[in-house]
Structure formats: structure tokens, C-alpha cells
Amino acid sequence: MEYVIEMLNITKIFPGVVANDHVTLQVKPKEIHALLGENGAGKSTLMSVLFGLYQPEEGIIKIREKEVKISNPNDANNLGIGMVHQHFKLVHTFTVLQNIVLGIEDTQYGVLQMKEARQRVIDLSNQYGLRIDPDALIEDISVGMQQRVEILKMLYRNNDILIFDEPTAVLTPQEIEELMKIMKLLISEGKSIIFITHKLNEIKAVADRVSVLRQGKYIGTVNVSETSKEQMSEMMVGRPISLTLDKEEAKPTTPVLEVANLTVAGHHQHKDAVNNVSFTVRAGEILCVAGIEGNGQSELVFAITGLVKQKGGTIKLNGKDISNSSIRERNVSGLSHIPEDRHKHGLVLEFDLAENLALQTYFSKDLQSNGFIKFDARTKRANQLIDQYDIRAGRRAKTNARSMSGGNQQKAIVAREFERNPSFIVAVQPTRGLDVGAIEYIHKQLVKARDAGIAVLLISLELNEVLEVSDRIIVMYEGEVVGELNPKQTTQQELGLYMSGSKKDKEASHV
Amino acid sequence: MFKNVNQEALKTIFASVVSILIGLIMGLLILLVTDPSNAFLGFQRALLGGFNRLPRSFGEMLYQATPILLTGLSVGFAFKTGLFNIGASGQFIVGGFAAIFIGVRWTFLPPSIAWIVGLLGAMVAGALWAGISGALKAYRNVNEVITSIMLNYVAVFLVNFLVVATVFNQTRNESLSPTNAFIPRGFFNDLFPRTGVHMGYVVAIVVAIIIWIILEKTTFGFELRAVGFNRHAARYAGVNEKRNIVLSMMIAGALAGLGGALLYLSATGVHIEVVDVIPLQGFNGIPVALLASSNPIGIIFSSLLLAHLNTGGFYMQTLFPTEIINIMVSVIIYFSAFAMITKSILEKYLKQKGGKNA
Ligand SMILES: Nc1ncnc2c1ncn2[C@@H]1O[C@H](COP(=O)(O)OP(=O)(O)OP(=O)(O)O)[C@@H](O)[C@H]1O
Ligand SMILES: [Mg+2]
């Protein structure tokens, strides 16, 4: 058998966009086949066709050399196809275990039989090193663990064609290492994997072959060992891309955000998520908070932005104490926030793009008068941002946010938050899920904002990004600031030691 | 070619019509099973509804439509903001009581404004009543479905108690007539003499339009819908989502309460009877809202449909027992509303079919 999956001449059209335009994808058995393409190139759509979520307008699919019709995810499952979606499909109010068995529960006399299922899940999780807490509620666990739940879901169903739609976008470097090991292990057991990622070094590290899409069209397939990162990115974008960022020396001036002795309660009452943290971000600098996911960065941001009330300490913005201000008060006094979870906080998916782009400014003089929305002004503003930030949206301002590709959703949030005259921007993993071109663009925007005198607080799990973009780094470990580093004088290795708690500055908690 | 927006609207209207047809077929089946010889004549009268004996039947239909238009708006408004207000009945009866109380006891008010005060009082009462569910949802995260169902019972018993204590007609075991606050009949008096319809219907239509404007055209509606769709994102954007949940529930309550006032301030001899029954008008708001996909303008029409069938039912009384008529009307309405829910399912199916054929 030469190919385990063949998607031939697939065309999928949405209102206003040809998401897949006669695309071909051929995956060999036991290979990791990377799928590369810009945001909105049609990768998720192609995979949704393979998984039975969409019916293509044209084209045929062959699985193990037999032509098949995949009308829904059940058909896909029966063919052994499993998928980890870019945006997870978990029931938030259910536990990890319930989510894994959902849909194929064992029942006896109509009563759920969870004991065996639990054992199997625990076994699988041990076998593959997929750490989970079977009884935790999904809404309480980190995105990293949510993803492990999604992977276990596939393994639990004995799928042997595994689709990973941007799995690494939400993971820490350590978790990415682990995931890649797991993927290799799965291949050695005879499974085949389609791996979507925007990170070229990941492709270099694990993939055997890579297929490239650009604006819905199939560009080609190459052997990873015979190509370079530069060649791949050029295939993908259609022009050469600079993979490094040039920026001038920062010229920080006055303090904009001053955090003093901040303490934030943790999810589980016994331990504080943020413990007595102090730091300052000045106008014209990018301060990066590095750290492994779950060391208090999210809670730190929630307290700064007002989503969670701190237990102690103060937060000052432009000299004004905002510790007890409402979210709206903070937002209008110059705070912009690119949130970590774009679907939970960043967007109202049922709203169209114009409405989402107005989410933070709908009450401003420009967009309303006497409480009535100025629709023309809103649409005009939306179209302007769409053009300026190159947001790909089939129906422009009228595009439903849910129908947009992940990267373009993120661009919309970035556009909204950058373009409302902030003096301080907190960006939590702002380039998560973006293609190299878009990352280049966002990084440039961050630097541009900095050069315009904005204070930028960047939360990133990505070592490259931390070292590349920041002017100053602080490292968080278990809720505390354990070190301050100069990106020019440190290495990935040193940073890693701080992040894992193996190294600690003495007087580090006051930076 | 139509613009996409219009296509969407057309699809919704088409789905409503198909749903209603399904409901009608089910209704006819009920009649055929009960009494085949009268079934078609009866069905004809049901279909003629408000047109059975013009102009009178038409006036009756508008009279019937008035309160359910408001309970429909109450449920629909809540839906649009992410809440399921199953407590419209309780809010309705609480509002009705407030209106009667004002009509009976506040005799110092001149009749020209007494009814208006009655309507406003009912809105306040309904709003406060629903506000309980809203506050529990917002601040204690208690599901509004549960609290509002429970409050329906509390409302009925409380109102019974208050009627007996304050505005009781002992001989008839019901509330006194709010003679001072009857809603004027205005031009309806000439158009549809000797019917119940009054200026309250105009009030109801105006309110429906206002609700539509609030939801679709104002920043307040934008906030409410944002909270309804994604509470977290709304909060992130600085919307006070707790306050909005309470407000949204209170507005829904005010609408249902107003519905109660519009019924009990009609000069048609309706009173609050001291019996332990939850008023039907509240529950009827649910299918009325569903049938219109919660669109306030659509609700004007879906409430008319229900009123139309009820009026038709009135003219079927010589042919069928009232129970059967009621069953038929409920079956038609509930099937239609139910079919509406299946719209999305159908749509998906058609899409897949389309994909296959292409
Ligand atoms: N359900 C839908 N309805 C309408 N348009 C859609 C829908 N899903 C995707 N699209 C559009 O199709 C195009 C391809 O989207 P897709 O999600 O496949 O991109 P992608 O390659 O996965 O991008 P990303 O890297 O950002 O996730 C985009 O322009 C997107 O807006
Ligand atoms: Mg995608």
C-alpha cells in the first residue's frame, strides 16, 4: 500500500472564499506528514473534510486505497481517523474521564460502567506519558492538559490515522518535546499522522514529508530532509521571509505599569497562584514574562486586567492606582489586553467581525450616539482594520467570527487591541497559532508599539519569541519571580534553568 | 440574486411556514381521529380563525393576541440574551395583580391616567419578580430555569393570598373589578364593536418595536447579546455582565407583567380567580417566541397565529368539545414550535445533500 490517505482534487467553497481549490494530499503509512500554510490557507478545512465535518464540492477521498464517503465524524471514526481540533471540542462541565469516553460509553443495564474505562484511560496515559487528572473538570485544567485529553480520546478509540491540527500552538516547549516523542512512538506502532503546525523547526524535527497550501491551493509536497526552513516558508508565503527580527535598542522612559507585592489566590485554595510579585514596565520597552505554563502567568494577567481580584498588593497604571478599578475603567485608561484564550475571552464567536472589532469601543463617541449604534461608522472602522491588518475574512466586516481561521481570529483581536490608543499592552502569547508571515508582522507591531512609547508586557512560553522580542525578561516559577535576565546576555539553556526552577536569583522578587 | 442577509431571513420565514404546515397537519389528524364527520368543517373554522365572522372575530383575535404577544416578547427577549425565562407565567400573574390593585385601590387617580399607572405598576412588579431569578443567576450562578419555575408557584400562591387580603370579591371568589383603570378601547370601538380588543394592543405592538430596536440598534442591546452569547468575553470587554443578566431578566419580567396588566385591565370581565393554577399565557410565550426565532417583530405574527387558532377554536365549539379544540390548538402550536427547532437539523441535512449532488 503506497498511501494510507489520498485526498484528490478536493474543493470546498464557503460564502466568499474558496477554502480548498483542487487540493491533493497523499499520506504514506507510518509517516508524519506535515501540512503547512498561512493562516486561512485552508488546512483546517481540508482536515475537516477528511474528518467528515464538511462535504467537499468536488474531489474524492481514498482511505487505505479504497474510495470512501465520509459524511460525519462517526464515519471517520469507523475508518480509524481521529482528530485533535485546533480549538478543542470538550464539554467544559464534564470531567476529563467523562470527556474521553463520551459517545462510546460502556453501559450495563443502562448504567454507566466507568471503572474499566477509568483503568484503560489511566493505562493509556501512563503508556504514552500523557499526564492527566481523570476527575478534574475541563474548565479547571490548563490548555496543555486539555490537549492531552483530546489525544487520549483518539487513542481510547483505537484510531490509527491521527490528525493533529496545530497541537503545539498551545503547548510549552517541554510539552512540545513530549508531544513529538509521543508522535514518534505512535508512528513506530504503525499509526499515520497528519501534523499541522506553523513552526518550521517542528516540521524539521519530526515530519517525514510536508505538503504546502497557499490561499486554498495546493503548492506541492517535499521531503523534509531535502528542504530548508527558508525554502518551506517561501513555498508557503510566496515570497522570502526574514526569520529574525531587527529592532533598535529600547529607550525606556517613565514607568507605566507598576506592580507591587501582588498576590493572587490560586484555583485550589491552599496555594497562591501569584506570590508577592513586583515589577515595573516602562514606556518604550517590552518586558517579557517567561515561564512554563501554569506558574502563575495567567493569574498575574487576570489580576492586572481586572478579570480576577488580587488578594494583596497594588497595581498602578500611569501613576494611578487601578487595583480596585473595574475592567472597563482599566480598558479606557489605556490598558489593552490580548487574551490567552481567544475563544473564551477574546471573541464573541456568534458576532460578526464588525461587532467583534467594536467589542472594546462600541460605547465610544465614534461608534454610538445617545446609545444608538452608528452602523456605518462601525463597518467603516472594521473594513479599515481588516485591510490594515490583512485579516482574511470571506465576507469582510460581515464575516461570522466562528467561520474565520484561527490565525485570522487572532489577527482580529490584535488589530482591535492595538488600535485603541493604549499606553500599555499586555499580550499573552500573541502569536500563538500564527503563520511565520503573521508572526513576523505581529512582532514588528509589538516593536513599533514600543517605539511609539507604549509599555508592552509580553507573556510567552516560546523561548525563541522571548529572546527575540523582549528588552528585558523576568522568569516566573511557582508564582514567584525567580530571575531577571537580559535577553542579549542569556541563552535558551540558562532561561530554561530558571523556568524549571533549578536556578534562582537571590533578591529576585523585587525587580 | 438576494444578498446573503436577506437569504438568511427568507430561510427563517420559510422554515416557520413549513413548521406551521406540519403543525396544521397534526391538528387535522386529531380532529379526524376524534370525529371524522365534522373534522373538515371544524378544521375550516380553525383555519378561518379571526375571519370566521368579520369584523367581530377579528377583534376577538387581536384581544387574544395582546397578552401572549407580551409573554412571547418576554421569553424571546430573554432567549436573545442567553437566558431561558420559563417564569413568564409568574411574572404575568404578579403584574396582573399589581394592575388590579392599582385599579381597585388607587381610586384617587383619574381614570384617564389610572390605566397607564396600572400598566407601569405591573411592569415594575413583573420586573422585580423576575429580578429575583436574575440576581440569583448573576451572583450565585443558580440556573434561571429552576428559580423561575419555582417562582411561578410562589407567584400564584402569593397572588391568591394578596387578592384575598386586598381586592377580594368574596361572593365570586375572585378579584374585584378595577373599574377605575380599564384600558380605553379607542378606535377599536368603532372598528370592532362589542369585542374585547383595546388600546393595549397598540401598546403591545409599540413595545415589540421598542424591544427590537433595543436589541438590534442600541449599545445596550449589543451588551446584552454579548453577555448572552459569551459571558466571559463580555466581561473581558468591560461589560458589567452581572448587572446585565439582572437587567435582562428584569426587562423580561416587565414585559410579562405588562402582559398581565393588559389582560386584567380589559373591560371584558376577566378577574384573577383564587385557584391554584399557573396562568397559561406565560407558557404560551415559549412557543410564540420559538416560532419567531425570538425576533420581536416575528413575535407580533406568531402571537397572532396562536390567537387566530384560539379564535377559530371558539367557532368550533358547536362541533367539538372544548377539550379537543384546546388539544388541537396546542398540538398545532407546539408542533410548529418544535419543528422550528428541527430547522437547524434540516438545514444541516440539506447542506450535506447539496454537497453530495454537486
Ligand atoms: N465554516 C466556515 N464558513 C465560512 N468560511 C469558513 C469556514 N471555515 C473556514 N472558512 C474560511 O475558509 C478559509 C480557510 O480556513 P481554515 O480554517 O481552513 O484555515 P487554516 O489554514 O486552518 O488557517 P489557520 O492556520 O489560521 O488555522 C478562511 O478564509 C476561513 O475564513
Ligand atoms: Mg486552522
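Naming: A, B, ... by sequence-line order, numbering from 1 per chain. What you are looking at is a predicted structure, and each value in this text was computed from that prediction instead of being measured.
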So for [X], is it side chain, backbone, both, or neither that comes closer than 4.5 Å to the heavy atoms of chain B?
X      : value
A:L347 : backbone
A:R342 : neither
A:E355 : both
A:H343 : backbone
A:Y54  : neither

For chain B, which candidate among [options] shows the most heavy-atom pairs at distances under 4.5 Å?
options                        : value
A:Q368, A:H337, A:R328         : A:R328
A:L367, A:N331, A:N370, A:D341 : A:N331
A:K374, A:R330, A:R416, A:K12  : A:R416

* **Taking every non-hydrogen atom, the tightest pair across A:L359 and B:A237** =>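 Here A:L359 and B:A237 meet closest at O-CB, 3.4 Å.
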
* To do: Determine the minimum heavy-atom distance between B:R235 and A:I327, stating which atoms define it.
  =>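 Closest approach of B:R235 to A:I327: O-CD1, 3.3 Å.
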
* Which residue pairs pass the salt bridge (Lys or Arg N to Asp or Glu O under 4.0 Å) test when at least one of the two sits in residues 241-253 of chain B, sequence neighbours left out? ->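 Non-adjacent pairs meeting salt bridge (Lys or Arg N to Asp or Glu O under 4.0 Å): B:R231-B:E241.
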
Take atom [atom1] in [X]; do more than 12 heavy atoms of anything else shown fall under 6.0 Å from it?
X      : atom1 : answer
A:K380 : NZ    : no
A:F375 : CZ    : yes
B:F301 : CZ    : no

* Close approach to chain B in residues 421-430 of chain A, criterion heavy atom under 4.5 Å ->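 Against chain B, none of the residues of residues 421-430 of chain A fall inside the cut-off of heavy atoms under 4.5 Å.
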
* Asked: For the residue pair B:F222 and A:Y362, does the interplanar ring angle fall in the parallel (under 30°), tilted (30 to 60°) or perpendicular (over 60°) class?
  ->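 Aromatic pair B:F222/A:Y362 classed tilted.
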
* Asked: What orientation do A:H345 and B:H232 show, parallel under 30°, tilted 30 to 60°, or perpendicular over 60°?
  ->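 The rings of A:H345 and B:H232 stand perpendicular, inter-plane angle above 60°.
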
* Asked: Quick check: does any side chain N or O of B:N230 sit under 3.5 Å from a backbone N or O of A:G346, one acting as donor and the other as acceptor?
  ->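 Checked: no pair found.
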
* chain A-proximal positions within residues 209-221 of chain B [heavy-atom distance under 4.5 Å] ->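 The list, in residue order, reads B:I213, B:E216, B:K217, B:T218, B:T219.
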
* Please list, chain by chain and in numerical order, all residues satisfying side-chain hydrogen bond (donor to acceptor under 3.5 Å, both in side chains) with B:T147, sequence neighbours excluded. =>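 In terms of side-chain hydrogen bond (donor to acceptor under 3.5 Å, both in side chains), with neighbours along the sequence ignored, B:T147 is linked to B:S133.
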
* To do: Would you check if B:Y236 and A:K344 make a side-chain contact, meaning some heavy-atom pair closer than 4.5 Å?
  =>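 Sidechains of A:K344 and B:Y236: no contact.
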
